[in-house]
> 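Handing you this structure, nothing more for now.
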Protein chains: 2
Amino acid sequence: MGIAERKAKEKEELKALILSAAKKLFAEKGIEETTIRSIAREIEYSVGTVYVYYKDKTEILHELHQQGFAQLGGEMRSLFNVSDPMERLKAIGRTYMNFALENTQMYDLMFNMKAPMEFIKANEEKTWKEGHGTFDALRNTVKDCIDHGYFKGHQLEPLSFAIWSSVHGMCSLYIRDRVKAATGQEPDELMGSAYEDLMLLFSRK
Amino acid sequence: MGIAERKAKEKEELKALILSAAKKLFAEKGIEETTIRSIAREIEYSVGTVYVYYKDKTEILHELHQQGFAQLGGEMRSLFNVSDPMERLKAIGRTYMNFALENTQMYDLMFNMKAPMEFIKANEEKTWKEGHGTFDALRNTVKDCIDHGYFKGHQLEPLSFAIWSSVHGMCSLYIRDRVKAATGQEPDELMGSAYEDLMLLFSRK
DNA sequence: TTTTATTTTGAACGATGTTCATTATGTTTG
DNA sequence: CAAACATAATGAACATCGTTCAAAATAAAA
């Protein structure tokens with residue numbers, strides 16, 4: 001079955017080619033501006049071909065969003081060896097925020113856009129594995145912090161969500177262009193100092 | 001000049017009619033699904049007429065977004081008489097969150113969508129008056145809290161932004177459908193308990 | 001009544017996501 | 001090698017979107 005094998009490989013290659021073109025384009029021009037036609041033009045195939053390999057645009061966005069989680073997850077895993085739990089929490093937050101600021105379009109897709117969630121619902125995939133996994137990492141670290149005397153009187157689940165929300169909120173406001181307009185401060189500076197203020201709040205015993 | 005007067009009034013009325021139709025439709029069906037054609041159909045005028053009164057869709061969205069700020073601002077003003085600053089901060093946060101949960105589409109427009117910000121940029125309105133005003137109310141309250149011994153060691157500006165971010169983050173994740181998927185908890189319950197956890201964190205002297 | 005000004009209209013344009021009969025290419029078989 | 005079959009690629013066509021603008025309808029003025 002050498003031929004069937006090669007064919008299958010070629011199909012996979014073209015699928016990956018489409019995906020990488022989409023990734024490139026939407027990091028460059030943004031998600032909204034990345035059309036199926038522009039992807040087809042980029043890889044020098046016709047529009048129709050894109051639809052042979054992906055059933056619609058949300059499927060492409062969903063796969064990209066998974067790639068994003070793979071990257072973020074990888075960066076997070078490299079922090080698991082930080083033994084002090086509060087230090088680890090801070091490191092996770094920083095990594096998360098840096099990821100958002102350096103990959104604004106991808107972050108937007110992962111945590112703001114509706115397309116990936118719609119794909120999940122439409123395909124009866126009950127759970128959002130990627131997001132779930134990332135949140136687990138945070139919750140475990142928060143648990144460690146509580147066990148080490150931080151966050152007295154707090155409940156694990158709501159607290160973990162609140163912590164995630166606070167960093168996500170900063171990133172989201174930044175990406176959606178509300179920071180400068182509301183505060184009058186320089187966004188990039190404010191993000192750094194606000195993050196430190198947040199961590200100061202979290203790390204009080 | 002009775003006629004010119006009446007004409008001007010009629011123009012204003014039609015403008016308002018378009019806006020209210022848009023508001024109704026997008027609270028019902030969502031912003032993305034509210035098209036210029038559907039607005040025209042709702043008020044029983046042609047598409048072209050809409051463009052006589054609004055230069056494009058972002059202008060409509062911008063006006064709606066201003067209405068949203070007027071409403072939120074009004075609800076906030078009624079809390080200015082709460083004398084204890086930490087109580088006021090908590091009340092502001094609750095009001096803000098309730099507004100978001102009860103007017104998801106409007107909140108989305110005000111703090112997530114790009115259209116209103118693009119309109120502001122395109123029209124050389126240097127500042128985002130509405131957002132700026134709302135943030136000022138928060139900052140003043142945070143200032144009062146600091147003066148009363150809360151948030152020791154924190155800086156006003158970054159701290160205020162961090163507080164805003166944390167509540168906005170929760171609302172944003174809720175509206176963009178990430179809460180259940182990531183945490184596994186029931187969103188509506190979690191929002192409440194997470195808010196309390198957040199306030200517990202803020203109110204520690 | 002005729003002329004002028006204003007308001008409303010909807011066909012038309014370009015761009016989007018998507019579909020599918022047709023064409024082109026590659027593989028197998030007689 | 002040629003004919004039959006299978007697979008892959010194509011791009012015109014469709015519906016919908018925001019938007020434009022010459023033409024028609026209506027109102028005001030002369």
Side-chain angles (χ1 to χ4, degrees), chain A residues 1-19 21-22 25-26 28-65 109 113-116 118-119 122-123, chain B residues 1-19 21-22 25-26 29-65 109 113-119 122-123:
Chain A
M1 295 292 128
I3 281 174
E5 225 171 275
R6 194 201 68 211
K7 285 245 168 180
K9 215 175 93 182
E10 276 175 6
K11 282 192 82 162
E12 281 310 308
E13 279 173 6
L14 191 40
K15 250 195 124 165
L17 185 65
I18 292 170
L19 212 58
L25 284 174
F26 101 143
E28 274 174 21
K29 317 256 180 191
I31 299 175
E32 322 251 273
E33 286 69 32
T34 300
T35 72
I36 301 282
R37 281 172 177 81
S38 73
I39 295 171
R41 206 179 312 125
E42 176 78 19
I43 62 173
E44 293 183 306
Y45 275 84
S46 73
V47 249
T49 304
V50 176
Y51 281 91
V52 171
Y53 293 88
Y54 291 96
K55 91 172 202 298
D56 55 23
K57 199 180 179 182
T58 71
E59 186 177 0
I60 297 177
L61 294 180
H62 179 254
E63 290 225 355
L64 280 177
H65 132 284
L109 179 63
M113 303 217 72
K114 301 189 170 163
E118 278 164 9
F119 180 84
N123 291 58
Chain B
M1 294 291 128
I3 282 176
E5 225 172 275
R6 194 199 68 208
K7 287 244 169 183
K9 214 176 93 183
E10 276 175 4
K11 283 192 82 160
E12 281 310 309
E13 277 173 7
L14 190 41
K15 248 195 127 166
L17 185 65
I18 292 170
L19 212 57
L25 284 173
F26 103 142
K29 318 255 180 191
I31 299 174
E32 321 251 275
E33 285 70 31
T34 301
T35 71
I36 301 281
R37 281 174 179 82
S38 72
I39 294 172
R41 205 179 312 126
E42 176 78 18
I43 61 174
E44 294 183 304
Y45 275 82
S46 74
V47 251
T49 304
V50 176
Y51 280 92
V52 171
Y53 294 88
Y54 291 97
K55 89 173 203 295
D56 56 23
K57 198 180 179 182
T58 71
E59 187 177 359
I60 297 177
L61 294 180
H62 179 254
E63 291 224 353
L64 280 177
H65 133 283
L109 178 64
M113 302 219 71
K114 305 195 168 155
M117 293 296 128
E118 278 164 8
F119 180 85
N123 291 56

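Lettering follows sequence order; numbering is per chain, from 1. Here the structure is a predicted model, which means the values were calculated and not measured.
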> Between P on C/dA5 and NZ on B/Lys11, what's the gap in Å once rounded to a whole number?
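Rounded to the whole Å, the gap is 16 Å.
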> Separation of A/Lys15 atom NZ from D/dA8 atom C1', in whole Å?
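Nearest whole value for this atom pair: 15 Å.
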> Going by number, which of residues 48-62 of chain B have a non-hydrogen atom under 4.0 Å from DNA chain C?
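Those residues whose heavy atoms fall under 4.0 Å from DNA chain C, taken from residues 48-62 of chain B in numerical order, are B/Gly48, B/Thr49, B/Val52, B/Tyr53.
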> Minimum heavy-atom separation for A/Ala22 to A/Leu64, with atom names?
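That closest heavy-atom pairing would be CB-CD1, 4.0 Å.
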> With DNA chain C as reference, determine whether B/Tyr45 or A/Val47 sits nearer its 5' end, using the nearest nucleotide of each.
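Final value for this comparison: B/Tyr45.
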> Between B/Lys55 and B/Asn123, is any pair of side-chain heavy atoms under 4.5 Å apart?
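Counting from C-beta outward, B/Lys55 and B/Asn123 do come under 4.5 Å.
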> Taking only the side-chain heavy atoms of A/Ile36 (C-beta and beyond), determine which of C/dT18, C/dA12, C/dT8 contains the nearest atom.
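Nucleotide nearest to A/Ile36's side chain: C/dT18.
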> Rounding to a whole Å, what distance do you find between A/Ile18:CD1 and C/dT18:P?
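A/Ile18 atom CD1 is separated from C/dT18 atom P by 13 Å.
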> Please check if the number of heavy atoms outside B/Glu44 that lie under 6.0 Å from its CD is greater than 12.
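12 or below, so no.
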> D/dA9, D/dC17, C/dT16: which one has an atom nearest the side-chain heavy atoms of A/Leu14?
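Per side-chain heavy atoms of A/Leu14, the pick is D/dA9.
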> Give the rounded distance in Å between these two atoms: CZ of B/Arg41 and C1' of C/dT9.
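My rounded result for the distance is 16 Å.
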> Just wondering, more than 12 heavy atoms not from A/Lys114 lying within 6.0 Å of its NZ?
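Buried by this count: over 12 neighbours within 6.0 Å.
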> Among C/dG10, C/dA12, C/dT18, find the nucleotide with the atom closest to the side chain of B/Arg37.
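Out of C/dG10, C/dA12, C/dT18, the nucleotide with an atom closest to B/Arg37's side chain is C/dA12.
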> Over how many whole Å does the gap from A/Ile43 atom CD1 to D/dT10 atom P extend?
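In whole Å, D/dT10 P lies 9 Å from A/Ile43 CD1.
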> Counting C-beta onward and ignoring hydrogens, is there a side-chain heavy-atom pair between A/Met113 and A/Glu32 closer than 4.5 Å?
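Side-chain contact under 4.5 Å: yes.
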> Measuring from atom CG of B/Leu19 to atom CG of B/Leu61, what distance do you get when rounded to the nearest 0.5 angstrom?
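Spacing of CG (B/Leu19) from CG (B/Leu61) equals 9.5 Å.
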